[in-house]
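Following: one structure in structure tokens, then a few remarks.
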Amino acid sequence: NPHISIWDYSMLYQHSIRRNFLIQLIISLASLILIFSSILYFFIENSIYDNKHHELIQYAKSIASSNPIFKDDEHLNEDIFSLKVEILSSEEKLELSQFQTIINTHTYLTIVYPYNIQNNTYLKITEDISSTKYLLSKILNYIFIINIAGFILVLIYAIALSKMLVSPLKTINAKLSNMNEHLMKPIEIDKLPKEF
């Protein structure tokens with residue numbers, strides 16, 4: 001239309017129902033995927049670290065109670081060789097605690113466990129958890145790849161859905177634009193969505 005200025009075209013584009021719906025749908029679904037995957041990763045990470053923490057506490061309890069960790073008929077678990085056990089003495093009373101340290105490319109999980117309260121001695125048990133950290137990084141990479149694939153699917157779904165929702169508008173727009181003011185015909189209301 002020669003009577004419509006560039007400003008009018010830009011305003012029509014800015015107020016596009018399909019464009020606004022498309023943007024809102026993509027943002028909301030992408031945010032949902034991101035939030036869900038973040039919660040999933042933190043749940044997996046906390047579960048793995050909690051499991052490692054309980055393992056070290058079991059080792060410490062077994063050593064503190066002077067009971068063997070393994071029975072005579074059991075084979076030694078290879079994981080036991082990755083443990084480093086030390087006895088600490090402290091004048092101050094220490095609580096059960098855990099912490100992580102990174103040395104070079106290795107990550108170590110350490111717990112301090114009360115050993116002999118009268119002598120103020122504590123067990124310091126350290127385990128190399130580099131393989132666990134590597135596993136978590138792989139899980140994070142997989143979640144990242146799944147998020148990208150999910151975002152692509154969301155994009156395709158949003159485009160298809162927005163096109164489907166706007167198609168009645170295009171239909172009525174085509175009917176109105178083809179109308180001649182001297183030959184007015186009624187619009188078939190029964191073929192339009194009830195929102196119209």
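Because only heavy atoms are used, hydrogens play no part in the values below, and waters and symmetry mates are left out as well, while side chains stay in. These numbers come from a predicted model, not from an experiment.
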How long is the gap from [atom1] on [X] to [atom2] on [Y], to the nearest 0.5 Å?
{"X": "Ser97", "Y": "Tyr113", "atom1": "OG", "atom2": "OH", "result": "12.5 Å"}
{"X": "Glu55", "Y": "Gln58", "atom1": "CD", "atom2": "CD", "result": "9.5 Å"}
{"X": "Ile129", "Y": "Tyr49", "atom1": "CD1", "atom2": "OH", "result": "4.5 Å"}
{"X": "Ile125", "Y": "Ile87", "atom1": "CD1", "atom2": "CD1", "result": "10.0 Å"}
{"X": "Glu45", "Y": "Asp50", "atom1": "CD", "atom2": "CG", "result": "10.5 Å"}
{"X": "Ser130", "Y": "Leu109", "atom1": "OG", "atom2": "CG", "result": "11.0 Å"}

Would you say [Y] ends up clustered with [X] if hydrophobic residues are merged whenever their side chains have heavy atoms under 4.5 Å apart, either directly or through other cluster members?
{"X": "Val85", "Y": "Ile111", "value": "yes"}
{"X": "Leu155", "Y": "Ile33", "value": "no"}
{"X": "Leu22", "Y": "Met164", "value": "no"}
{"X": "Ile103", "Y": "Phe99", "value": "no"}
{"X": "Ile26", "Y": "Ile159", "value": "yes"}

Which residues satisfy the side-chain hydrogen bond (donor to acceptor under 3.5 Å, both in side chains) test with Ser162, sequence neighbours excluded? Arg18

Looking at residues at least two apart in the chain, or sitting in another chain, which of them share a side-chain hydrogen bond (donor to acceptor under 3.5 Å, both in side chains) with Gln98?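 Listed in chain order: His53.
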
Checking side-chain contact (heavy atoms from CB on, under 4.5 Å) for the pair Tyr59/Leu56: CA distance, chi angles, key distance, verdict? CA-CA 5 Å; Tyr59 291 140; Leu56 290 181; 4.2 Å; yes

Given Glu127, which partner from the list Lys52, Lys84, Lys133 fulfils the salt bridge (charged side-chain N to carboxylate O under 4.0 Å, His left out) test?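 Of the listed residues Lys52, Lys84, Lys133, the salt bridge (charged side-chain N to carboxylate O under 4.0 Å, His left out) partner of Glu127 is Lys52.
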
Is there a side-chain contact (heavy atoms from CB on, under 4.5 Å) between His106 and Tyr108? Walk through the geometry before answering. CA-CA 7 Å; His106 290 270; Tyr108 298 91; 3.6 Å; yes

Report all side-chain donor-acceptor pairs from residues 137-151 shorter than 3.5 Å, counting only partners two or more places apart or in another chain.
| residue | atom | partner | partner atom | Å |
| --- | --- | --- | --- | --- |
| Ser137 | OG | Tyr134 | O | 2.6 |
| Asn141 | ND2 | Ser137 | O | 3.3 |
| Asn147 | OD1 | Ser37 | OG | 3.4 |
| Asn147 | ND2 | Ser37 | OG | 3.0 |

Would you name the heavy atoms of Leu136 and Ile44 that are closest together and state the gap between them? CD2-CG2, 4.3 Å

Which heavy atom in Val154 sits nearest to a heavy atom in Ala30, and how many Å separate them?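 Looks like CG1-N, 4.5 Å.
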
Apply side-chain contact (heavy atoms from CB on, under 4.5 Å) to Lys124 and Thr110, showing your working. CA-CA 7 Å; Lys124 179 184 175 185; Thr110 303; 3.6 Å; yes

Ser47 backbone acceptor or donor facing Asn51 side chain under 3.5 Å: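 It does not hold such a pair.
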
Given side-chain contact (heavy atoms from CB on, under 4.5 Å), test Leu161 with Leu25 step by step and report yes or no. CA-CA 9 Å; Leu161 185 62; Leu25 188 63; 3.8 Å; yes

